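Taking it in order: structure first as structure tokens, then the write-up.
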Amino acid sequence: MSKNALKFRRFILNIAKELTSDDRAELGYYLSDIIPPVKREALIKIPSALFEELERRGRIGPGNLKFLQESLEAIFREDLAYEVQQFDCPRRSRLTPKSVHYIENSGYRLHINGGKHLVNDKGDDYVHLRSGKSYELVINNFNSHRCKCEVKIDGHVISSQLIIKAGGMLTLERPRQTASHFKFFAVRDAPLDSGIDERNTEQNGCIQVIFTPEVAVMIITCDIGEGKIYITRCSLNMTDVEFHRKVSLKFSCDSATVLIDGYRPLGKRNIKLVDYGIKNGSRVIINFGLVGGGISQSSSTPTAERSENNAPAPLEWIPGASTMQGQSEQTFRSISDFVPNNKTRKVALRLRLVARADEIPIPSNGECIPFILGNRHPPPV
């Protein structure tokens, strides 16, 4: 159980202890449309039982205390309602716009297309989406190696074998197994067929992308003439200068030209081999006794996207979660030659989708496909 969940339960227990037996009876009557009479009579005898039932039904939870505040006000316990408001207020008011609309670590980046990125005072990342809006995950790999991605939404594994090339970008609008768009709903607005569970407070809205880099080794075939070849292993970080030195030491030759694609000379500009387009399985030609040439290399560094929205963040945010709705035309292709680098730590990027309490939701348009149904895999045989 997370620290937030423990803090929430400790707070609820303290509120329960402050209620008298008459308070619990009045609260039970106020909740008569939610809890059946027979069950209600048993619950009001135990101080925390009514709150446990409300949590089980998804009416209260960490970050979802507005209903509890209104219920306490209804039985004239404004003192306790104020405590609830104070407990919940820091959670709602601390989100402010980010200067960039993405999160990034170790050369990997995640951006939610269709939302506005926010951050709290502890540096946790959130994205504001309007309830009922479709969205896309934009995933960048700025490294000089390929990577595999595992994507989780609301605790469900959506895709586990996405491969992004070195310096590449992937826009993901649907799971691999189901041709329907990702769609976000505030929990209060979720259609009945969405599969969104109000009780899943720890996972609802959470998006996690875990990156596994490829093995950082390339095997390069060197054609040295007269039908002879030399196989060498290089790291993905090896530069042209280091490769020339490697060739010189191997063949005891101070002057050699390394040709890429059969004609393009490899320079000596301290540039990585991968920046020339050399990759695992590449073939180069080595001519001895010739002076190596050079090439011009231009590179562009991704610039940070600055937010133009300097308006103050709204004070009240409400939880939401995702479902699938509408037809997607996105296609995928299989890649079988990826070898994960299990010796290097994986990198995880995490954020949480939230909605504004004062926004009117976009109406649901069609049947929803819950993640738990759309991503069910056949059992083992």
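Keep in mind it's a predicted model, so treat the numbers as computed, not measured.
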(request) Check Leu80, Asp23, Leu72 against Glu18 for a side chain to side chain contact (heavy atoms under 4.5 Å, CB included) and give me the one that passes. (result) Leu80

Quick check against the 3.5 Å criterion: does [X] have a side-chain atom that pairs as donor or acceptor with the backbone of [Y]?
X: Thr178; Y: Pro175; result: no
X: His111; Y: Glu136; result: no
X: Asp189; Y: Pro361; result: no
X: Arg40; Y: Gly28; result: yes
X: Arg350; Y: Arg352; result: no
X: Arg109; Y: Glu104; result: no
X: Arg174; Y: Gln327; result: no
X: Asn120; Y: Leu95; result: no
X: Asn141; Y: Asn143; result: yes
X: Ser328; Y: Ser180; result: no

(request) For the pair Lys98 and Asp125, evaluate side chain to side chain contact (heavy atoms under 4.5 Å, CB included) and give the outcome as yes or no after the intermediate values. (result) CA-CA 9 Å; Lys98 286 190 69 173; Asp125 284 272; 2.9 Å; yes

Minimum heavy-atom distance between [X] and [Y], given as atom pair plus value:
X: Asn64; Y: Pro319; value: CB-CG, 4.5 Å
X: Ser134; Y: Lys183; value: OG-CE, 3.2 Å
X: Leu65; Y: Phe8; value: CD2-CE1, 3.5 Å
X: Ala357; Y: Arg188; value: O-NH2, 2.9 Å
X: Asp154; Y: Ala321; value: OD2-CB, 3.3 Å

Would you say the side chain of [Y] lies within less than 4.5 Å of the side chain of [X], judging by non-hydrogen atoms?
X: Ile44; Y: Leu27; result: no
X: Ile139; Y: Tyr102; result: no
X: Leu137; Y: Phe182; result: yes
X: Lys66; Y: Ile60; result: no
X: Leu31; Y: Leu54; result: yes
X: Cys206; Y: Lys152; result: no
X: Leu118; Y: Trp317; result: yes
X: Val151; Y: Leu172; result: yes

Rounded to the nearest 0.5 Å, how far apart are [atom1] of [X] and [atom2] of [Y]?
X: Gln330; Y: Leu170; atom1: CD; atom2: CG; result: 6.5 Å
X: Lys148; Y: Leu162; atom1: NZ; atom2: CG; result: 10.5 Å
X: Asp240; Y: Leu266; atom1: CG; atom2: CG; result: 5.0 Å
X: Lys250; Y: Thr232; atom1: NZ; atom2: OG1; result: 8.5 Å
X: Asp197; Y: Gln203; atom1: CG; atom2: CD; result: 11.5 Å
X: Ile112; Y: Leu353; atom1: CD1; atom2: CG; result: 6.0 Å

Salt-bridge criterion met for [X] and [Y] (N-O under 4.0 Å):
X: Arg77; Y: Glu26; result: no
X: Asp223; Y: Lys228; result: no
X: Asp261; Y: Arg264; result: yes
X: Lys346; Y: Glu150; result: no
X: Asp124; Y: Lys122; result: no

Other residues, nucleotides, ligands: >12 heavy atoms within 6.0 Å of [X] [atom1]:
X: Glu78; atom1: CD; result: yes
X: Phe338; atom1: CZ; result: yes
X: Leu249; atom1: CG; result: yes
X: Lys279; atom1: NZ; result: no
X: Ile231; atom1: CD1; result: yes

(message) Quick check with a 6.0 Å cut-off and a 45 degree axis cone: is Arg59 positioned over the face of Phe67's six-membered ring?
(response)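 Because its charged atom sits under 6.0 Å from the ring centre and within 45° of the axis, Arg59 does stack over Phe67.
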
Assigning hydrophobic clusters by single linkage (Ile, Leu, Val, Met, Phe, Trp, Tyr; side-chain heavy-atom cutoff under 4.5 Å), is [X] placed with [Y]?
X: Leu110; Y: Ile210; value: no
X: Tyr126; Y: Ile196; value: no
X: Ile271; Y: Met238; value: yes
X: Phe332; Y: Ile158; value: yes
X: Ile362; Y: Ile318; value: no

(request) Please lay out, stage by stage, how Phe184 and Thr323 fare under the test side chain to side chain contact (heavy atoms under 4.5 Å, CB included). (result) CA-CA 6 Å; Phe184 171 81; Thr323 185; over 6 Å; no

(request) Output all residues satisfying ring-ring contact (aromatic ring centres under 6.0 Å, His included) with Phe185, sequence neighbours left out; order by chain, then residue number. (result) none

(request) Go through the steps for Leu50 and Ile35 under the test side chain to side chain contact (heavy atoms under 4.5 Å, CB included), then give the verdict. (result) CA-CA 9 Å; Leu50 278 173; Ile35 305 173; 3.8 Å; yes

(message) Pair Glu53, Arg56 - check salt bridge (charged side-chain N to carboxylate O under 4.0 Å, His left out), show working.
(response) CA-CA 5 Å; Glu53 182 66 15; Arg56 190 186 70 80; 2.8 Å; yes

(message) Between Asn113 and Tyr135, do the side chains contain a donor N or O and an acceptor N or O under 3.5 Å apart?
(response) no

(request) Starting from the C-alpha separation in whole Å, work towards a yes-or-no answer on side chain to side chain contact (heavy atoms under 4.5 Å, CB included) for Val258 and His244. (result) CA-CA 8 Å; Val258 179; His244 275 288; 3.8 Å; yes

(request) Among residues two or more places apart or on two chains, list those pairs meeting ring pair (Phe, Tyr, Trp, His ring centres under 6.0 Å) that have a residue in residues 205-233. (result) Tyr108-Phe211, Tyr230-Phe251

(request) Begin with the C-alpha distance, continue with both residues' side-chain angles, and end with the deciding distance and a verdict on side chain to side chain donor-acceptor pair (under 3.5 Å) for Glu359 and His128. (result) CA-CA 11 Å; Glu359 278 187 331; His128 163 219; 3.1 Å; yes

